[in-house]
There are 2 protein chains.
Amino acid sequence: MKTKRQIQKEATRKLILDTAYQVYADEGFAATTNKIAKAANVSHGTIFVHFPTVECLIICLLERFGSEINEHLHILSEKDENLETFLAAHINVLIRYEDFYKRLISEINSLPQEAKYVFINIQSVVSFHLNQVIEREKDKIAIKDIPMHIIFNSWLGLIHYYLTNNYLFTVGSVLTEHKDELILNYIKLIEK
Amino acid sequence: MKTKRQIQKEATRKLILDTAYQVYADEGFAATTNKIAKAANVSHGTIFVHFPTVECLIICLLERFGSEINEHLHILSEKDENLETFLAAHINVLIRYEDFYKRLISEINSLPQEAKYVFINIQSVVSFHLNQVIEREKDKIAIKDIPMHIIFNSWLGLIHYYLTNNYLFTVGSVLTEHKDELILNYIKLIEK
DNA sequence: CATTTCATTGACTCCAAACTCATTGACTTT
DNA sequence: AAAGTCAATGAGTTTGGAGTCAATGAAATG
């Protein structure tokens, strides 16, 4: 059985991670530990009781984020979705984490190497599932004779372009606003 | 006529800008004024003689970069290129500035607002020229019935995706390596 | 040639962020 | 209930970068 102390400690750790997630989503990964501590209503030193360095905090956060996305997409691939509903589901997952994801793709290159690995994993999972769905749909939709990686990279490229250039298009959630347009036109692009 | 002093001052200013360009290309915009000063073989204070703040230095740098890209593309649009040669020319311009451009698209969201405006301008120019070329080619190539902005955003999305995820694909210049593949498949995508 | 101007210098200040650690007091153990 | 443990605290230390400014000497001026 867990002691009060253990429960408390785990709760604090979770609180710090949850708060860091929100603060980073709002301000980007340049946000300071000070901000996080204040937002979590925890003293500055407490952060370093739970994470030896900020870098560790960030990596831990990304790993947690990766698992969450993983779970969502895994559930998705169980049902036999068609291409359109799969793309919609993918966008819906991203909408759920939109602010954070936006920061992530925008700042991934200034994060530590380990963070990049976590990020590559996330993308691999999506790629794998898209691959499966398209394979399944081949007899229903005629898809152009283009390498799978280009198919995948144009999809993610398009989505990421809209996300990183958010400010060009809208003030709210780009994905919510352009979801249907993106899916529709992307399918048109890859169809024969 | 210019005095020795004026010439010297302008030369130093240019030296700082050129060096900053290289340092930022190598290390990203988080690189310090200290690094730039050392690389330019100039004292730290000199930078602030020419630019009141780092922010000003960066914006000046981007404006210069914008004009250069502008020039390249303008020359391009004079001749009547076809779609394939236009895309190739666009990639060639980007290859010329690849390291810097990569940093730019990757870190644009952490740069000051003014920098974003400069960046939007650069993209608008490319968009405009692509538009023209496609308009001209409409009777030669059958292009899908898709809004122009999606056509444009998929192109830039694809290119930017390859650039920001550089590390996934290659150690050298992604664009040099994937140029032909990207152009070929992109045209396949937008063709009927 | 004497005087003035001014581009350059680099040591200095200021500031903000990451990280430390002695102290506290609630919880656990005996 | 006394002794021991440890999560949390927050003031303090360290580090490093942006920006300042009095001093310097080469160039311009008269």
Side-chain angles (χ1 to χ4, degrees), chain A residues 1-62 103 107 110-115, chain B residues 1-62 103 107 110-115:
Chain A
M1 210 208 103
K2 280 181 187 168
T3 63
K4 261 194 190 178
R5 267 188 189 161
Q6 282 175 302
I7 292 167
Q8 176 54 36
K9 194 174 186 184
E10 278 169 26
T12 305
R13 188 186 159 89
K14 185 171 181 308
L15 174 66
I16 291 171
L17 283 170
D18 289 345
T19 311
Y21 168 87
Q22 200 51 57
V23 172
Y24 287 143
D26 290 347
E27 307 182 22
F29 289 94
T32 63
T33 44
N34 232 314
K35 274 251 173 75
I36 295 169
K38 266 182 194 151
N41 230 5
V42 142
S43 101
H44 189 221
T46 304
I47 290 178
F48 295 92
V49 170
H50 292 271
F51 305 95
T53 63
V54 202
E55 202 172 300
C56 289
L57 168 63
I58 290 178
I59 284 166
C60 178
L61 197 54
L62 289 192
R103 295 295 181 177
E107 297 173 29
S110 41
L111 294 181
Q113 189 57 44
E114 219 178 318
Chain B
M1 209 206 103
K2 279 181 187 170
T3 64
K4 263 193 188 178
R5 267 188 188 161
Q6 281 176 301
I7 292 166
Q8 176 54 36
K9 195 173 184 183
E10 279 168 27
T12 305
R13 189 187 158 90
K14 185 172 180 308
L15 174 66
I16 291 171
L17 284 170
D18 289 344
T19 311
Y21 168 87
Q22 200 51 57
V23 172
Y24 286 143
D26 291 346
E27 307 182 22
F29 289 94
T32 63
T33 45
N34 233 316
K35 274 251 173 75
I36 296 170
K38 267 182 193 149
N41 230 6
V42 142
S43 102
H44 187 223
T46 305
I47 290 178
F48 295 92
V49 170
H50 292 271
F51 305 94
T53 64
V54 202
E55 202 171 303
C56 290
L57 168 62
I58 290 177
I59 285 166
C60 179
L61 196 55
L62 289 191
R103 294 294 180 177
E107 296 173 29
S110 42
L111 294 181
Q113 188 58 43
E114 219 178 319

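A, B, ... follow the sequence lines: proteins, then strands. Residue 1 opens every chain.
- The residue B:Val54 sits close only to the backbone: its heavy atoms come under 4.0 Å of sugar-phosphate atoms, none of a base.
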_Could you walk me through whether B:Arg103 and B:Glu27 satisfy the salt bridge (charged side-chain N to carboxylate O under 4.0 Å, His left out) test, starting with their C-alpha distance in whole Å, then the side-chain angles of each, then the deciding distance to 0.1 Å, before giving a yes or no?_
CA-CA 8 Å; B:Arg103 294 294 180 177; B:Glu27 307 182 22; over 6 Å; no
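- Candidate nucleotides D:dG19, C:dT20, C:dG10 were compared by shortest atom distance to the side chain of B:Ser43, and C:dG10 ranks first.
- Listed nucleotides: C:dA18, D:dA8, C:dT28. Nearest to the side chain of A:Phe48: C:dA18.
- Taking atom NZ of B:Lys35 as the reference point, atom C1' of D:dG16 lies 12 Å away to the nearest angstrom.
- The shortest distance between the side-chain N/O atoms of B:His50 and the OP1/OP2 oxygens of C:dT8 is below 4.0 Å.
- Look at CG on A:Leu15: it is 16 Å from P on D:dA7, rounded to the nearest Å.
- Nearest to the side chain of B:Lys4, among D:dG19, C:dT9, D:dA27, sits D:dA27.
- Between B:Leu57 atom CG and D:dG17 atom C1' there is a gap of 15 Å when expressed in whole angstrom units.
- Checked by distance alone, A:Arg5 brings no side-chain donor or acceptor within 3.5 Å of a matching partner on the base of D:dA7.
- Along DNA chain D, the nucleotide nearest A:Gly45 and the nucleotide nearest B:Pro52 are compared for position; the residue whose nucleotide lies closer to the 5' end is A:Gly45.
- Contact check, A:Thr33 against C:dC19: no side-chain N or O comes under 4.0 Å of OP1 or OP2.
- As rounded to whole Å, 13 Å separates atom P of C:dC27 from atom CE of A:Met1.
- Although no hydrogens or angles enter the test, the distance criterion places a donor-acceptor pair under 3.5 Å between the side chain of B:Thr12 and the main chain of B:Gln8.
- Put simply, A:Gln8 has no side-chain N or O that comes within less than 4.0 Å of OP1 or OP2 on C:dC27.
- Checking the phosphate oxygens (OP1, OP2) of D:dA7, no side-chain nitrogen or oxygen of A:Thr46 falls inside 4.0 Å.
- Within the 4.5 Å cutoff, the side chain of B:Val54 has no heavy atoms near those of the B:Thr32 side chain.
- With distances taken from any side-chain atom of B:Val42 to the nucleotides D:dA8, C:dA17, C:dT9, the minimum falls on C:dT9.
- Note: NZ (A:Lys2) to P (C:dC27) measures 18 Å, nearest angstrom.
- What separates CG of B:Asn34 from C1' of C:dC12 is a distance of 14 Å, to the nearest Å.
- Along DNA chain C, the nucleotide closest to B:Lys9 and the one closest to B:His44 are compared, and the more 5′ of them pairs with B:Lys9.
- Across B:Tyr24 and B:Phe29, no two heavy atoms sit closer than the pair CD2-CA, 3.6 Å.
- Put simply, CD1 on A:Ile16 is 14 Å from P on C:dC19, counting in whole angstrom units.
- In this entry the distance linking NZ of A:Lys38 with C1' of D:dT9 reads 15 Å, nearest Å.
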*Carefully, step by step, assess B:Glu114 and B:Cys56 under the rule side chain to side chain contact (heavy atoms under 4.5 Å, CB included).*
CA-CA 10 Å; B:Glu114 219 178 319; B:Cys56 290; over 6 Å; no
